[in-house]
Structure formats: C-alpha cells, structure tokens
Protein chains: 2
Amino acid sequence: MQIVPADFDRMFGALADPTRRDIVRRAIGGDEGILELAGHYPMSFAAVQKHVAILERAGLITKDRIGRRKVVRANVEGLRIVRRLLDQYEELWRSRIGRMAELLAEEAPGAQKGIER
Amino acid sequence: MQIVPADFDRMFGALADPTRRDIVRRAIGGDEGILELAGHYPMSFAAVQKHVAILERAGLITKDRIGRRKVVRANVEGLRIVRRLLDQYEELWRSRIGRMAELLAEEAPGAQKGIER
DNA sequence: CATTCGTACAACCATACGGTTGTATGTCAG
DNA sequence: CTGACATACAACCGTATGGTTGTACGAATG
C-alpha cells in the first residue's frame, strides 16, 4: 500500500495530543482495554474512545478483541513510517549542507528524490 | 531549556498539515522569503504567512531578515527533537518485546524511565 | 521623502476538534 | 433468557483551525 500525504496528516495530527501520545505509549507492549485505558485520564470513557479511534484511523494502534474487551496495541510500523519521514528531512538537510560544503562548485541542482508521494 | 508536552503538541500539530510539511521541506537549505514561498501554494499570502508563524512557534523554522525579506529556514534541531520522541517509543517497544522474549520469567515491572518530561 | 516591496496583524467565516451525555449493540456469566 | 460488562455511536456545545480580505508597518529604491 502507498502512503499518501493525507496519511501523514492523520499520523501527525493523532500525535499532536498529549492524551493520545500517552495512549500510544501505554499501548506499546500493554494489553489494556479501552475502559482500563480511560481510567488513567481525567475525562469520560467516550472521550478516550474517540482518541483511540483517531489513533486507529491514523494506523498507529490496533484494537484486538480479547474476550469482551478490545485490547489496544501500538502499531510500531506506523510509528516507523512517521519517523522515516523525519529521517528523510534530516537526510535532505545533510545533502543540502553537503552541497553547500561543495561551495557552489559543481553542476546544476538536478532532480531531487521525492519525499512524500 | 526543557521540552514539555505542549511543545510536542505544537510540533506534531505543525507537521499535521501538508502545506506546512512542504514549507519545512523547502526551508531545508532554501532561502526563500514568505512571499516567494507563497507562490508555490494555491492560497493567499496571508494564509502562508500564518502557516509559517505556526511552524515558527513550534520551533521548526526560523525567520532571518535579509534585506527587506524574511528568509525562512528549517530548524533541524527541532525536527530532531520530534524524531527523538519517536525513537524513544521504538526503544520502549524493543525493551517491552525484549521482556516478552524473556517470557514472564524475571521480576516485577520496575520504574520506567520517563518519556516526555 | 514618497513610493513600492515584503511582511505583520486584525476581523471575519466555515468547518474541524475535544469534550460532554445519552442510547444502542455485542459478549460473557448465571 | 436475563443481566451486567465493555464497546460503539449519535447529538450537541464551545473553542481552535485554516482560510479569506483589508489595513498598517519597516525597509530599500528613485
């Protein structure tokens, strides 16, 4: 499957909330249901449920049914996708700085490899 | 200076928009003023100006006055701070999986080192 | 110093977001 | 089958967000 900009919108958007980041953290290797998760935060069960839904749509967690609960687990691959974009920015930065070090010697800009898309 | 959760809110929030991510990309090693940047997007100058302000407040770019322009440059350190949080999630995941591999042998959970704060 | 270029900012509008409460669905225990 | 537990979802509300237009400021040009 292809990753499109809208996916990054959802991923970064999902991570832009402290409650959701904490849910992600707890979901790493944890096995709490939504009700149990909700116990950690000063808000209603429904609010936490919404946060979980947003994280799920962003591909950062999954909900696995276990008995009558739905256990929330982090999708580490999702986190890696986000990290990879930041890696690419850094790489781009290095190459630009590299070019700068080449001190306007050398040829034309050339086609740059795409980030996103 | 200390990085608090609200900083991550701003950083992730700033990156949750395709226009802003593109501005960051262009700001890496680029030297465009805001008006020049605005030329790349199908929206008003003021809108782009707002996006730049959001990125600046998030610490992801800086505006350097050059002549009558304000050149937008990426703050790579800001990007690294975001990346580092994701690294920590991944590290946490590895250690949890590591513990899982230790297969419920060994002792109690123990205090976990803080992520964020 | 008047003009123009580039930026800044306020006011406004529509929609999205984070929270609430209430009701409905699905699943296990007795 | 009934009841209780865990989750789902709709409706609503206040505020934040992303866009617009219009006006004001700061710096270089003639």
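- The pair A:Asp17-A:Arg21 does not meet the salt-bridge criterion, since no charged nitrogen lies less than 4.0 angstrom from a carboxylate oxygen.
- Using a 4.0 Å heavy-atom cutoff across all strands shown, A:Gly13 reaches no nucleic acid atom at all.
- The interatomic distance linking A:Leu37 (CG) with D:dC5 (P) rounds to 19 Å, in whole Å.
- In this structure, A:Ala46 reaches the bases: a heavy-atom distance under 4.0 Å links it to at least one base atom across the strands shown.
- For A:Lys50, counting side-chain heavy atoms from C-beta on, the closest listed nucleotide (D:dT21, D:dG18, C:dT20) is C:dT20.
- The nearest heavy atom of DNA chain C to A:Gly67 and to B:Glu36 marks one nucleotide each, and the one closer to the 5' end goes with B:Glu36.
- Closest to the side chain of B:Gln49, from the set C:dG26, C:dC9, D:dA8, is C:dC9.
- Rounded to whole Å, atom P of C:dC9 lies 12 Å from atom CZ of B:Arg57.
- Going from atom CD of B:Glu56 over to atom P of C:dA8 covers 8 Å, rounded to whole Å.
- Rounded to a whole Å, the CD1 atom of A:Ile66 is 17 Å from the C1' atom of C:dG26.
- Checking D:dT7, C:dA8, D:dT20 against the side-chain heavy atoms of B:Met43 singles out D:dT20 as nearest.
- Closest to the side chain of A:Arg68, out of C:dT7, C:dT20, C:dC28, is C:dC28.
- A straight line from CD1 of A:Ile23 to C1' of C:dG18 spans 12 Å, rounded to a whole angstrom.
- Checked against C:dG19, D:dG18, C:dG18, the side chain of B:Ile54 finds its nearest nucleotide in D:dG18.
- Between B:Ser44 and D:dG19, a side-chain N or O to OP1/OP2 separation shorter than 4.0 Å is absent.
- We find that CG of B:Asp17 is positioned 10 Å from C1' of D:dT17, with the value rounded to whole Å.
- Separation of atoms CG (B:Leu15) and CG (A:Leu15) is listed at 10.0 Å; rounding is to 0.5 Å.
- Nearest to the side-chain atoms of A:Arg69 among the listed nucleotides D:dT20, D:dT7, D:dA28 stands D:dT7.
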Passes side-chain contact (heavy atoms from CB on, under 4.5 Å), B:Leu79 versus A:Trp93? Steps please. CA-CA 11 Å; B:Leu79 291 168; A:Trp93 177 75; over 6 Å; no
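- The shortest heavy-atom contact between A:Ile28 and B:Arg96 is O-NH1, 2.7 Å.
- Of the candidate nucleotides C:dG19, C:dG18, D:dG18, C:dG18 has the atom nearest to the side chain of A:Arg20.
- Listed nucleotides: D:dT7, C:dG18, D:dT20. Nearest to the side chain of A:His51: C:dG18.
- To the nearest angstrom, P of D:dT7 lies 15 Å from CG of A:Leu55.
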Kindly determine whether A:Asn75 and A:Leu60 satisfy side-chain contact (heavy atoms from CB on, under 4.5 Å), including the steps that lead there. CA-CA 5 Å; A:Asn75 175 9; A:Leu60 295 175; 5.7 Å; no
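- OP1 or OP2 of C:dT27 has not a single side-chain nitrogen or oxygen of A:Lys70 nearer than 4.0 Å.
- Distance CD1 (A:Ile34) to C1' (C:dG26): 13 Å, rounded to an integer number of Å.
- Atom CZ of B:Arg84 sits about 12.0 Å away from atom CG of A:Leu86, to the nearest 0.5 Å.
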